[in-house]
Amino acid sequence: MGTISQQLFLASMIGERVELPRCGTALELPWVYDDVAEDICALAKSGKVEVLARQVQQVQGEPLITHLAFRRLG
């Protein structure tokens, strides 16, 4: 898990809806956002978070996650 995704996970409260930030962060770059979102999705596969919303769009011909919301599970 990358540093940004790890920080977001650890900073979130159990049960709280968290939307990956975009403006004013390193996540403004679509590839960075997608990478962090993929890390969070991997946490969902391990049962640590639940993905509440996920949007994928084509960015320069690549399917990238452009929006993600999750909640940390107990």
Side-chain angles (χ1 to χ4, degrees):
M1 177 169 28
T3 304
I4 296 172
S5 54
Q6 188 174 25
Q7 289 174 354
L8 286 169
F9 173 75
L10 293 173
S12 65
M13 296 180 72
I14 294 174
E16 173 188 30
R17 180 184 175 98
V18 176
E19 302 218 10
L20 263 72
R22 229 181 164 64
C23 296
T25 71
L27 300 179
E28 285 181 319
L29 297 169
W31 295 271
V32 175
Y33 191 98
D34 179 74
D35 189 48
V36 171
E38 289 290 352
D39 284 348
I40 298 295
C41 288
L43 288 173
K45 290 178 185 175
S46 69
K48 295 181 180 177
V49 303
E50 175 186 11
V51 173
L52 303 173
R54 182 178 179 264
Q55 183 177 9
V56 177
Q57 293 180 338
Q58 292 288 323
V59 177
Q60 295 183 0
E62 293 180 58
L64 298 178
I65 299 172
T66 56
H67 173 76
L68 188 83
F70 70 94
R71 74 180 173 105
R72 185 176 175 177
L73 301 175

Minimum heavy-atom distance Gln55-Gln57, with the two atoms named: NE2-NE2, 3.2 Å
Shortest non-hydrogen contact between Ser5 and Asp39, atoms and distance: OG-OD2, 3.0 Å
Partners meeting salt bridge (Lys or Arg N to Asp or Glu O under 4.0 Å) with Arg17 (sequence neighbours left out): Glu19
ILVMFWY network linking Leu52 to Met13, side-chain heavy atoms under 4.5 angstrom: no
Where Asp34 and Pro63 come nearest, the two heavy atoms and their spacing: OD1-O, 4.5 Å
Within one Ile-Leu-Val-Met-Phe-Trp-Tyr cluster: Ile4 and Leu10, side-chain cutoff 4.5 Å: yes
Ile65 versus Cys41, closest heavy-atom pair with distance: CD1-SG, 4.2 Å
Pairs satisfying salt bridge (charged side-chain N to carboxylate O under 4.0 Å, His left out), at least one member in residues 4-14, at least two apart: none
Glu16 atom CD: more than 12 heavy-atom contacts under 6.0 Å: yes
Side-chain heavy atoms of Tyr33 within contact of Leu68, under 4.5 Å: yes
Under 4.5 Å side-chain linkage, directly or through intermediates, the cluster mates of Leu64: Trp31, Val59
Selection residues 55-66 - residue pairs positive for salt bridge (charged side-chain N to carboxylate O under 4.0 Å, His left out), sequence neighbours left out: none
side-chain contact (heavy atoms from CB on, under 4.5 Å) partners of Val49, counting only residues at least two apart: Phe9, Ile40, Leu43, Ala44, Phe70
Set of residues satisfying side-chain hydrogen bond (donor to acceptor under 3.5 Å, both in side chains) with respect to Glu50, sequence neighbours excluded: Arg71
Nearest atoms (heavy-atom pairs only) where Leu8 meets Leu20: CD1-CG, 4.1 Å
Sub-4.5 Å side-chain heavy-atom contact between Val18 and Arg72: no
Contacts of Arg22 that satisfy side-chain hydrogen bond (donor to acceptor under 3.5 Å, both in side chains) - sequence neighbours left out: none
